[in-house]
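Heads up, the thing below is written out as structure tokens.
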Number of protein chains: 2
Amino acid sequence: MDQRLDAVFTALADATRRDIVARLSAGDATVKELAEPYAMSLQAVSQHLQVLERSGLISRGRHRQTRPCRLEPAVLDEALAWIGESRRTWTERMDRLENRLVQLQESRDD
Amino acid sequence: MDQRLDAVFTALADATRRDIVARLSAGDATVKELAEPYAMSLQAVSQHLQVLERSGLISRGRHRQTRPCRLEPAVLDEALAWIGESRRTWTERMDRLENRLVQLQESRDD
DNA sequence: CGCTTACTCAAGCACTCGCTTTATCAAGCG
DNA sequence: CGCTTGATAAAGCGAGTGCTTGAGTAAGCG
């Protein structure tokens, strides 16, 4: 689990890879199609896709001589869940703090 | 924005730093307190905290000779929003696909 | 004042990252 | 068969990461 989150957040820590994920969320694409907008070699994009694949964020098939890429949202959900959990804990703590302050205020008003 | 997301996801791409974030979500802590459970030097933890601070995930004050660390949820929210957006786009596309399939099914039944 | 505590700075080391270039492979086309 | 297309493999390079040890700083305590 730790290793999977390592891989997902590492994969998302690069602007090019985030852009690829965003584009794949709108539909599958081949390596060439994905590489087209970037000012870098096809090989570099292929390496980015390997990072994304290793993290589980995308999967790849074979169709003729292309390797179509597809977003796999399951790992995205794990990342979402992890961040959400820390966020929730923080919020609950703040709520408790606020309640305590309100109680203090009320007891002083007595 | 891209740079901020780079920094946040890079910060979250390490299990020790994720653990620190999770612990800070439950309450502020000093460097020494945070370092205590890990089998690494205090300096190493201090460096992890610098990464977290640069990303905006935590802030640090000064109190006597300690540097209390505090989670700042704003950047966490940005990461949450980014992932959520890709997730949402994917889900909507799947919904549209399903609708089209249902329509195909219905037109065949006519 | 000296001593401890809490922490940072700096240098060094093994390792990884992002990208390049060159070479290679596998599928389809003439 | 040769040739192009889509993609991967391998090697190398500069920059960055994670950690260490050693030294330094700043605040509190006797």
Side-chain angles (χ1 to χ4, degrees), chain A residues 2-24 27-71 75 79, chain B residues 2-24 27-71 75 79:
Chain A
D2 261 11
Q3 288 175 337
R4 205 153 55 224
L5 285 175
D6 274 18
V8 178
F9 285 125
T10 299
L12 293 180
D14 180 277
T16 302
R17 286 195 292 263
R18 281 198 304 278
D19 195 51
I20 290 175
V21 166
R23 291 168 60 204
L24 286 178
D28 300 359
T30 66
V31 180
K32 193 195 180 190
E33 289 165 352
L34 288 170
E36 199 271 326
Y38 310 123
M40 73 180 74
S41 68
L42 187 73
Q43 289 90 327
V45 175
S46 181
Q47 284 169 357
H48 280 307
L49 292 173
Q50 284 175 28
V51 173
L52 289 169
E53 191 176 24
R54 250 182 281 136
S55 77
L57 276 168
I58 69 170
S59 66
R60 300 205 273 178
R62 280 176 195 274
H63 181 251
R64 309 208 174 184
Q65 66 269 58
T66 70
R67 305 286 314 273
C69 300
R70 160 168 308 179
L71 185 66
V75 194
Chain B
D2 261 11
Q3 288 175 338
R4 204 153 56 223
L5 285 175
D6 274 18
V8 179
F9 286 124
T10 299
L12 294 179
D14 180 277
T16 302
R17 286 195 293 263
R18 280 198 305 279
D19 195 51
I20 290 176
V21 166
R23 289 168 60 204
L24 286 178
D28 300 359
T30 67
V31 180
K32 193 194 180 190
E33 288 165 352
L34 288 170
E36 199 271 326
Y38 309 123
M40 72 179 74
S41 69
L42 188 74
Q43 289 92 325
V45 174
S46 181
Q47 285 167 358
H48 280 307
L49 292 173
Q50 284 174 28
V51 173
L52 289 169
E53 191 175 24
R54 250 183 283 137
S55 77
L57 276 169
I58 70 169
S59 67
R60 300 205 272 177
R62 279 175 196 276
H63 182 251
R64 309 211 173 181
Q65 67 270 56
T66 71
R67 304 288 314 272
C69 301
R70 162 167 308 179
L71 186 64
V75 195

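- The side chain of B:Ser41 contributes no N or O atom lying less than 4.0 Å from OP1 or OP2 of D:dC19.
- Across all strands shown, B:Arg62 has no heavy atoms under 4.0 Å from either base or sugar-phosphate atoms.
- Considering only side-chain N and O atoms, A:Arg60 lies under 4.0 angstrom from the phosphate OP1 or OP2 of D:dT8.
- Taking atom CG of B:Leu49 as the reference point, atom P of C:dC9 lies 12 Å away to the nearest angstrom.
- For B:Gln65, counting side-chain heavy atoms from C-beta on, the closest listed nucleotide (C:dT5, D:dA7, D:dA9) is C:dT5.
- Going from atom CZ of A:Arg67 over to atom P of C:dC25 covers 17 Å, rounded to whole Å.
- Atoms NZ (B:Lys32) and C1' (C:dC7) sit 11 Å apart, rounded to a whole Å.
- When the side-chain nitrogen and oxygen atoms of A:Arg17 are compared with OP1 and OP2 of C:dG18, one or more of them lie within a distance under 4.0 Å.
- For the pair A:Asp14 CG and C:dC17 C1', the computed distance is 9 Å after rounding to whole Å.
- In this structure, CZ in B:Arg54 is found 10.0 Å from OG1 in B:Thr10, a value given to the nearest 0.5 Å.
- Both B:Arg54 and B:Met40 sit near DNA chain D, but only B:Arg54 has its closest nucleotide nearer the 5' end.
- If you measure from atom CG of A:Leu12 to atom C1' of C:dC17, you get 16 Å, rounded to the nearest angstrom.
- Expressed to the nearest 0.5 Å, how far CD1 of A:Ile58 lies from CG of A:Asp28 amounts to 10.0 Å.
- B:Arg18 places a side-chain N or O within donor-acceptor distance of the main-chain N or O of A:Asp2, the cut-off being under 3.5 Å.
- Within the nucleic acid shown, B:Thr10 has no heavy atom closer than 4.0 Å to any nucleic acid atom.
- Comparing A:Arg64 and A:Ala13 along DNA chain C, the residue whose closest nucleotide (by nearest heavy atom) sits nearer the 5' end is A:Ala13.
- When the P atom of C:dT22 is taken as reference, atom CG of A:Leu42 falls 16 Å away, rounded to whole Å.
- In this structure, A:Arg23 contributes its side chain and A:Leu34 its backbone to a donor-acceptor pair below 3.5 Å.
- B:Gln47 has no side-chain polar atom (N or O) that falls below the 4.0 Å cut-off from OP1 or OP2 of D:dT20.
- As rounded to whole Å, 12 Å separates atom C1' of C:dG18 from atom CG of B:Asp6.
- When atom types are taken as modelled, the side chain of B:Arg67 and the backbone of B:Arg62 share no donor-acceptor pair closer than 3.5 angstrom.
- An OP1 or OP2 oxygen of C:dC7 is reached within less than 4.0 angstrom by no side-chain nitrogen or oxygen of B:Ser46.
- Among the protein residues, B:Gln43 comes within range of the nucleic acid bases, having at least one heavy atom under 4.0 Å from a base atom.
- Contact annotation: B:His48 reaches the phosphate of D:dC19 (side-chain N/O to OP1 or OP2, under 4.0 Å).
- With hydrogens and angles disregarded, no donor-acceptor distance shorter than 3.5 Å links the side chain of B:Arg17 to the backbone of B:Leu12.
- Heavy atoms of B:Thr16 sit nowhere under 4.0 angstrom from any nucleic acid atom.
- Heavy atoms of B:Thr66 sit under 4.0 angstrom from primed sugar atoms or phosphate atoms, though from no base atom.
- Atom pair A:His63:NE2 and D:dA7:P shows a separation of 12 Å (rounding to whole Å applied).
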